[in-house]
There are 2 protein chains.
Amino acid sequence: MELYQSGTWLISDTLMSSMVRDDSLFVRRHFRKDEEIYVQESVSSKFYVVVSGLVQIAMIREDGTEVILELMGPQTVCGEGAAIDGLPRFSGATALEETELLEFDASQLPQLAAHSPEFVVALLQITALKQRVLAVRLEQLSSREPETRIMEMFARLARIFAETRCDGKLIVPKLTHEQIAAMTGNTRVTVTRALGRLKERGEIAIVNGRILLMSERFRD
Amino acid sequence: MELYQSGTWLISDTLMSSMVRDDSLFVRRHFRKDEEIYVQESVSSKFYVVVSGLVQIAMIREDGTEVILELMGPQTVCGEGAAIDGLPRFSGATALEETELLEFDASQLPQLAAHSPEFVVALLQITALKQRVLAVRLEQLSSREPETRIMEMFARLARIFAETRCDGKLIVPKLTHEQIAAMTGNTRVTVTRALGRLKERGEIAIVNGRILLMSERFRD
DNA sequence: CGCATGCGGTATCGTGGGATACACCCAAAA
DNA sequence: TTTTGGGTGTATCCCACGATACCGCATGCG
């Protein structure tokens, strides 16, 4: 497996299939645009596999500002952290589009472990992957130049959401500058400025509201 | 359980005991000061429970700067992320003092899951906790004032390492300004300046090289 | 004892990003 | 159609942080 792939929380097909093998373990759920899936600080043992759509994971800081942890697309798992440790959710999840989820319940994990161990091992691997992604994000945030932070974030998103084109990779979800700011820890104004410079340098372009990554490393 | 405790990766006694129940699963290991426990980018299925001592988890960025992810004391687990997902280690671990560890091997997790499920569930809860801590750190890093970042980091460390005194909480490990800088994403100079201001305001004091937290919220 | 090393404190300088404000565009609503 | 509101592009000001350099001090080691 290529190292550079490591910053994703995309679940491999193998993992995925061992999660959904036993369909008595989950319930299909549907959320409309802007509907909340779970809210920060609530206690719940539910976690979710994204089947289709787009989910935003965000934390509200004490001062009221929002930090977007991640956007989750199909083949990702969310909410399992708090579902497993039983503490109040440290982040909230919102559907940014019509979204289809599988809802699991972590409350009978011990029993589950006994009769379908591969499910628990799959879950373990997923949480390990997410730990990795969070660590990579931390590393990125400690970079100071906004351009770097933004491009690193785009590169990460591209691995989940990109559609490959002849001239680069197009990030499918539409992102407002404000969202990018909340994801990279900058202000909206700084994001606008940095994007301008990136456009000038030919590293990115905007194609009807979406980000097109054009650096060489995004060509195939 | 108190919400404010959530930013720790201290393992509960219950979890701990279900890890060490079967002593055929681990090997005792000893590391001297400044010895490397594992290095970044290496591949290994080993992970560790800290019994005594102090372990620093750090990532080296491409530009050569070091980001300290965490200091781990007794009753913590480290290295399990990469051990489980099998990818190269995203961080390296070094013993900052004489350190006693239990070394586990994650390579036979599937078999393990079958005959001692509670071990796997314990591991799962640990990774979930760490996910939480990483998310909290991310949240903190997105704050801009160095004082806030530093104080939040101290508060976190205090939950693992503090010794309660009549006048506040004393953080046991000695920290250089450089380490604090690498943990909070600032420069050494900024840390020195910020600490000066915090001292003036009476929020902290230095007691023979260690940090004493003196704000009201650290009194009992 | 003297030297080296690493850490803490401080100064100087330049800059880039935060705060704030405002104008423009476009799409959806009324 | 007009209006409203959210998103984007800029300008202006200011200050705090990064870069760099230097000094003094403690510790340790030959």
Check: When the distance from NZ of A:K174 to P of D:dG6 is rounded to whole Å, what number comes out?
Finding: 17 Å
Note to self: For a quick test of reading the model, state the closest non-hydrogen atom pair linking B:I160 to B:L71 and the distance between them.
What the structure shows: CD1-O, 4.4 Å
Next item on the list: For A:R188, enumerate each residue passing the salt bridge (Lys or Arg N to Asp or Glu O under 4.0 Å) test, keeping only those at least two apart in sequence or located in another chain.
Entry: none
Check: Residues from residues 180-202 of chain B sitting under 4.0 Å of DNA chain C, heavy atoms only?
Finding: B:R188, B:V189, B:T192, B:R193, B:K199
Note to self: For A:M59, is there any backbone N or O sitting under 3.5 Å from a side-chain donor or acceptor partner on B:E139?
What the structure shows: no
Note to self: Can you tell me which residue among A:E178, A:R149, A:H177 is in a side-chain contact (heavy atoms from CB on, under 4.5 Å) with A:V191?
What the structure shows: A:H177
Margin query: For A:R61 versus A:V67, what's the shortest heavy-atom pair and its separation?
Written below: CD-CG2, 3.6 Å
Check: Which residue pairs satisfy the ring-ring contact (aromatic ring centres under 6.0 Å, His included) criterion with at least one member in residues 85-107 of chain B, sequence neighbours excluded?
Finding: B:F26-B:F104, B:F47-B:F104, B:F104-B:F119
Notebook entry, point to check: Under a 4.5 Å cut-off applied to non-hydrogen side-chain atoms, are A:E70 and A:T76 in contact?
Noted result: no
Next item on the list: With A:M72 as reference, evaluate A:I57, A:V49, A:L54 under the side-chain contact (heavy atoms from CB on, under 4.5 Å) test and give the passing residue.
Entry: A:I57
Note to self: For the helix from C:dC1-D:dG30 to C:dA30-D:dT1, what angle separates the axis at the start from the axis at the finish, each from five pairs, in steps of 10°?
What the structure shows: 30°
Next item on the list: Nearest-nucleotide wise, let me know which of B:T176 and A:P146 is further upstream toward the 5' end of DNA chain C.
Entry: B:T176
Notebook entry, point to check: Where does the chain A footprint on DNA chain C start and end, counting 5' to 3' with a 4.0 Å heavy-atom cut-off?
Noted result: C:dG17 to C:dT20
Notebook entry, point to check: What residues, two or more places apart in sequence or in another chain, satisfy salt bridge (Lys or Arg N to Asp or Glu O under 4.0 Å) together with A:E203?
Noted result: A:R201
Margin query: Whether B:E98 and B:R32 form a salt bridge (side-chain N of Lys/Arg under 4.0 Å from carboxylate O of Asp/Glu) is what I want to check.
Written below: yes
